[in-house]
Amino acid sequence: MGRETVSSSNVTVTFDGQRCIHSRHCVLDRPDVFVPNVKGAWIHPERATPDEVLELAHNCPSGAIQCQHPDGTAMELPPLVNTVRVRENGPLAFHAELVVTGRPNGLRATLCRCGASQLKPYCDGSHTTAGFTATGEPSTQESNPLPRRNGPLQIDPTTNGPLHVSGPLEVVSGTGRTITRVTNTWLCRCGQSANKPFCDGSHEKAGFVSGD
């Protein structure tokens with residue numbers, strides 16, 4: 001699926017099929033707005049209020065769904081706390097004012113940590129077919145509260161190596177527990193680290209090739 005933009009009189013919805021990880025919140029929460037398994041038009045923002053469309057965007061972990069006012073201005077505000085949630089056997093789900101490889105990239109994204117995605121650094125669901133297993137509940141590490149918890153978060157995928165993340169970030173488990181708080185870290189994306197979600201250098205021994 002490609003990129004689609006659909007407007008009603010009071011909201012514009014953009015859907016990026018390449019970023020979608022099929023969490024299915026949209027088609028389960030509002031099957032009248034995101035209509036599954038139909039031919040032709042399947043996105044109907046006119047069937048919801050702008051606030052209801054915004055809620056659907058908030059519930060989309062990959063950032064595939066975004067919405068704007070009719071004049072093109074943003075509806076979604078940056079979070080007060082930058083987070084990355086470690087999804088069980090799945091990707092890293094970021095919620096922050098994202099800058100990926102030097103370019104603004106919205107407020108939500110799911111980035112590959114299994115090493116198998118064909119759309120790196122983004123997740124494309126390959127962790128399922130690859131049989132990737134990794135806990136979403138890593139051990140808590142001692143960390144101090146950050147003096148600032150929001151603001152731009154820079155993510156730089158290193159060549160054949162981890163994601164270098166700089167900026168205030170709280171690493172959060174799948175159940176919402178804070179694992180650690182950092183301002184500079186390297187997150188595994190080869191799937192081989194023994195210290196997931198953090199890099200331990202295993203990409204070199206595994207011969208990981210990022211391809212992005």
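All values derive from a computational prediction rather than experimental measurement.
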Undergrad: Answer whether the closest heavy-atom distance between the side chains of R148 and N150 falls below 4.5 Å.
TA: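 The answer is yes, as the side chains (C-beta and beyond) meet within the 4.5 Å cut-off.
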Undergrad: Do other residues, nucleotides or ligands put more than 12 heavy atoms under 6.0 Å from the CG atom of N37?
TA: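 Not buried by this count: 12 neighbours or fewer within 6.0 Å.
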Undergrad: Once side-chain contact (heavy atoms from CB on, under 4.5 Å) is applied, do any residues pair with N89, and if so which ones, sequence neighbours excluded?
TA: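 Scan of N89 (side-chain contact (heavy atoms from CB on, under 4.5 Å), adjacent residues dropped) gives T133.
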Undergrad: State, to 0.1 Å, how close I179 and P138 come at their nearest heavy-atom pair, and which atoms those are.
TA: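 So the two residues come closest at CD1-CD, 3.5 Å.
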Undergrad: Excluding sequence neighbours, so at least two apart, what forms salt bridge (Lys or Arg N to Asp or Glu O under 4.0 Å) with E52?
TA: R30
Undergrad: Do T14 and R3 touch side chain to side chain, with heavy atoms closer than 4.5 Å?
TA: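 SC-SC contact between T14 and R3 confirmed.
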Undergrad: Cut-off 3.5 Å, side chains only: do Q118 and S126 have a donor facing an acceptor?
TA: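 No - no donor-acceptor pair under 3.5 Å links their side chains.
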Undergrad: Of all residues at least two apart in sequence or in a different chain, which pass the salt bridge (Lys or Arg N to Asp or Glu O under 4.0 Å) check with E76?
TA: R108
Undergrad: Report yes if the side chains of N184 and H164 come closer than 4.5 Å at any heavy-atom pair, otherwise no.
TA: yes
Undergrad: The criterion is side-chain contact (heavy atoms from CB on, under 4.5 Å); which residues satisfy it with Q154, sequence neighbours excluded?
TA: V99, D156, S166
Undergrad: Start with the C-alpha distance between R181 and L169, add both sets of side-chain angles, then the distance that settles side chain to side chain contact (heavy atoms under 4.5 Å, CB included), and finish with yes or no.
TA: CA-CA 6 Å; R181 306 168 181 88; L169 179 67; over 6 Å; no
Undergrad: Let me have the donor-acceptor pairs involving side chains of residues 80-87, under 3.5 Å, with sequence neighbours excluded, atom names and distances please.
TA:
residue	atom	partner	partner atom	Å
N82	ND2	G151	O	2.9
N82	ND2	P168	O	3.0

Undergrad: In chain order, what residues pass the side-chain hydrogen bond (donor to acceptor under 3.5 Å, both in side chains) check against N10, with sequence neighbours excluded?
TA: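 Listed in chain order: S8.
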Undergrad: Looking at every heavy atom in both V6 and P45, which two are closest together, and how far apart are they?
TA: CG1-CD, 3.6 Å
Undergrad: Can you list every ring pair (Phe, Tyr, Trp, His ring centres under 6.0 Å) pair that touches residues 122-155, not counting sequence neighbours?
TA: none
Undergrad: Are the side chains of R113 and L187 in contact, using a 4.5 Å heavy-atom criterion?
TA: no
Undergrad: Can you name the side-chain hydrogen bond (donor to acceptor under 3.5 Å, both in side chains) partners of Q66, sequence neighbours left out?
TA: none
Undergrad: Could you state the interatomic distance from CG (L107) to CG (L153), rounded to the nearest 0.5 Å?
TA: 11.5 Å
Undergrad: Within the distance-only criterion (no hydrogens, no angle test), does the side chain of S62 pair as donor or acceptor with the backbone N or O of R19 below 3.5 angstrom?
TA: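 Present.
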Undergrad: So do the side chains of Q68 and T73 get within less than 4.5 Å of each other, counting heavy atoms only?
TA: no
Undergrad: What heavy-atom pair brings T12 and S7 nearest, and what distance separates the two atoms?
TA: OG1-OG, 2.8 Å
Undergrad: Take F34 and I43 through the side chain to side chain contact (heavy atoms under 4.5 Å, CB included) test and state the conclusion after the steps.
TA: CA-CA 5 Å; F34 287 86; I43 302 174; 4.0 Å; yes
Undergrad: Extract all donor-acceptor atom pairs below 3.5 Å that involve side chains of residues 191-200 and protein atoms in other chains or at least two apart in sequence.
TA:
residue	atom	partner	partner atom	Å
S193	OG	N195	N	2.9
S193	OG	F198	O	2.6
S193	OG	D200	OD1	3.4
K196	NZ	G191	O	3.4
K196	NZ	S193	O	2.7
D200	OD1	S202	N	3.0
D200	OD1	S202	OG	2.6
D200	OD2	A194	N	2.9
D200	OD2	S202	OG	3.4

Undergrad: Is a side-chain N or O of S143 found less than 3.5 angstrom from the main chain of T180, in a donor-acceptor match?
TA: no
Undergrad: Who passes side-chain contact (heavy atoms from CB on, under 4.5 Å) against T140, sequence neighbours left out?
TA: R177
Undergrad: With a 4.5 Å heavy-atom cut-off, do C26 and I65 have their side chains touching?
TA: yes
Undergrad: Enumerate the ring pair (Phe, Tyr, Trp, His ring centres under 6.0 Å) contacts for residues 80-112, please, sequence neighbours excluded, ordered by first and then second residue.
TA: none
Undergrad: Roughly how far, to the nearest 0.5 Å, is CG of L163 from OG1 of T158?
TA: 7.5 Å
Undergrad: Which atom names give the shortest non-hydrogen contact between C60 and A64, and what distance separates them?
TA: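 What the structure gives for the nearest pair is SG-N, 3.5 Å.
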Undergrad: Between D51 and T49, does any side-chain donor sit less than 3.5 Å from a side-chain acceptor?
TA: no
Undergrad: Specify the closest pair of heavy atoms between F208 and G161, including all atoms of both residues, with the distance to one decimal.
TA: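 Answer, listing the atom of F208 first, then G161: CE2-O, 3.8 Å.
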Undergrad: Excluding sequence neighbours, so at least two apart, what forms salt bridge (Lys or Arg N to Asp or Glu O under 4.0 Å) with R47?
TA: none
Undergrad: What heavy-atom pair brings V182 and L146 nearest, and what distance separates the two atoms?
TA: O-CD1, 3.8 Å
Undergrad: Is the shortest heavy-atom distance from the side chain of C112 to the side chain of R189 under 4.5 Å?
TA: no
Undergrad: My understanding is that only one of T101, L98, N105 makes a side chain to side chain contact (heavy atoms under 4.5 Å, CB included) with I155; could you say which?
TA: L98
Undergrad: Roughly how far, to the nearest 0.5 Å, is CG of L54 from CG of L56?
TA: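 Reported value, rounded in 0.5 Å steps: 9.0 Å.
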